[in-house]
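For reference, the structure discussed in these notes is given below.
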There are 2 protein chains.
Amino acid sequence: MNKKVLLVDDEPDIIAILKYNLEKEGFDVRTATNGKEGIAVANEFVPDIIVLDVMMPEMDGIEMCIELRSLPKLQNILIAFLTARGEDYSQIAGFDSGADDYITKPIKPRVLISRLKALLRRGGVEKVVEETTSGLRIDRNQYAVFSGDNEITLPKKEFELLALLMSKPGNIFTREIILDTVWGSDIVVGDRTIDVHIRKLREKIGDHYIKTVKGVGYKVVI
Amino acid sequence: MNKKVLLVDDEPDIIAILKYNLEKEGFDVRTATNGKEGIAVANEFVPDIIVLDVMMPEMDGIEMCIELRSLPKLQNILIAFLTARGEDYSQIAGFDSGADDYITKPIKPRVLISRLKALLRRGGVEKVVEETTSGLRIDRNQYAVFSGDNEITLPKKEFELLALLMSKPGNIFTREIILDTVWGSDIVVGDRTIDVHIRKLREKIGDHYIKTVKGVGYKVVI
DNA sequence: AAAAAGATTAAGGTTAACTTAATACAGGTT
DNA sequence: AACCTGTATTAAGTTAACCTTAATCTTTTT
């Protein structure tokens, strides 16, 4: 049974690219170009996840999100906000209109897909906790990681890097994906930066959790 | 039944050379010199594979590719991009408009042919997880192979080699195809290199999975 | 039996990743 | 504003893993 995605964005080009790529991945996709239309489609289509541009004419993403959350039928749908990088994030996040994830544009289709899958996989807000059988646990709400019983506090970048790896324990993440997701596709930092962060992580959580696959990337052992 | 190829390139000379060589190999060839024409021919001809120059006037390869993928009838056709060497590859690959292979020009006709044959043989997209009845499993997301229950981590080349063999379990892969696919048509390594990698693989996953067919190539037992 | 193809082993060179230390930067505090 | 503290990034040197080749041995084919 394919997962249903509703894309809401006022730019037809972006819609087209994302739609194509999501469908290739096996998603069932519908689209809308403004908030009003989005609500209508959501009502009839009842998607699993809605990807929502924050900035839109007529009814913007935040308004749409609030309205969606007020409809009983649509209360449990996952909502991912698309925001332009550098946009006043606090305004959106602080508002807490009920989004489950914030994704910054520009984003490569590949990366978007992996974020959406991660969201669907962990089922949104209530499953912010991810745990491996090897004993590593991450709690996105607490912004904390646990190795066995003891809590380890991580700075932002280190946390985000580990959170990415933990979003799919066992899966490999290439350096490219890591840079795109943790740093953003328009920020340019060297490859060594990743190494150093991995090093710091290993220092704090223990060596055995993160595995290097040379020439490919990193993964968290299950 | 001959395989049907559609060549789309704005340079008549290149078209002529490739057409001649492909026909000599038994392919059924049609051509087009721009994207619009390409779509039209594709619609009527319904080729097995389309070879598409990225840089073209009017409608470029990427646009054409996206449009092709939007037509139900043509969704499963294989698409190979021709790109000039040194061209900003990331722009193309990152865009992920749905190509099945990227081939850099200049390319020798016989190399192109072997690439196309490889593509047609494995039917383009590979499954993420592939498993044989003999108990060998490969997971491209995890970048891991399993022999029965235990996970075996492989370095890049070994993994890619096994991944190729596992893309069609039971099928034979010639040394030429292996070199083209795993090493790339422009990299020249000796034949012994393949042997050594096969040896390492057998050492790690067990001798019985990979079978040598002398004078032909290797295959994974089903 | 000779020739060809593949298997095996060890060794070298290359590249990617690790490590350490130094610098730059941000946030908070005096 | 100056200072402190912790974090992020870069640079440079080191280490380790991997890839490839060469040389030798074994098997298969003619």
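Throughout, a chain's letter reflects where its sequence line sits, starting with A, and its residues are numbered from 1. Nothing here was measured: the structure is a model prediction, and the numbers come from that model.
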Under the 3.5 Å Watson-Crick or G-U criterion, the dot-bracket string of DNA chain D, with | for inter-strand pairs: ||||||||||||||||||||||||||||||

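Considering only residues two or more places apart in sequence or on other chains, B:Lys157 meets the salt bridge (Lys or Arg N to Asp or Glu O under 4.0 Å) condition with none of them.
Using a 30° and 60° split on the angle between ring planes, B:His197 and B:Trp183 fall in the perpendicular class, above 60°.
At least one side-chain heavy atom of B:Phe159 sits under 4.5 Å from a side-chain heavy atom of B:Ile138. Looking only at side-chain heavy atoms (C-beta outward), B:Lys24 and B:Asn21 come within less than 4.5 Å of each other. A heavy-atom distance below 4.5 Å is not found between the side chains of A:Asp53 and A:Val8. Residues B:Leu136 and B:Met166 meet the side-chain proximity criterion, which asks for heavy atoms closer than 4.5 Å. In this structure, B:Thr181 and B:Glu160 have side chains that are not in contact, with every pair of non-hydrogen atoms separated by 4.5 Å or more. Considering only heavy atoms from C-beta on, A:Ser147 stays 4.5 Å or farther from A:His208 through its side chain.
Heavy atoms only, all atoms of each residue included: A:Lys4 and A:Asp48 are closest at N-OD2, 2.6 Å. Counting all heavy atoms, side chain and backbone alike, A:Val5 lies closest to A:Pro47 at C-CB, 4.3 Å. Nearest heavy-atom pair across B:Thr132 and B:Pro169 is CG2-CB, 3.9 Å.
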Under 4.0 Å protein heavy-atom contacts per nucleotide of nucleotides 18-23 of chain D, with B for base, S for backbone only and - for none: SSBB--

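Within 4.0 Å of B:Phe159, counting heavy atoms only, lies no atom of the nucleic acid at all.
Non-hydrogen atoms lying under 4.0 Å from DNA chain C are contributed by A:Thr212, all within residues 206-213 of chain A.
Summarising the geometry, the separation between CG on A:Leu161 and C1' on D:dT9 is reported as 14 Å, rounded to the nearest angstrom.
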Pair B:Leu22-B:Ile113, side chain to side chain contact (heavy atoms under 4.5 Å, CB included): steps then yes or no: CA-CA 7 Å; B:Leu22 284 167; B:Ile113 285 160; 3.7 Å; yes

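Of the two residues contacting DNA chain C, namely A:Glu203 and A:Arg175, the nearest-nucleotide position lying further toward the 5' end is that of A:Arg175.
Put simply, chain B comes within 4.0 Å of DNA chain C, heavy atom to any atom, from C:dA5 to C:dT9, going 5' to 3'.
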Table please: side-chain donor-acceptor pairs of residues 210-222 of chain A below 3.5 Å, with sequence neighbours left out.
residue, atom, partner, partner atom, Å
A:Thr212, OG1, A:Arg202, NH2, 2.7
A:Tyr218, OH, A:Arg175, NH2, 3.0
A:Lys219, NZ, B:Gln142, O, 2.8
A:Lys219, NZ, B:Glu151, OE2, 3.2

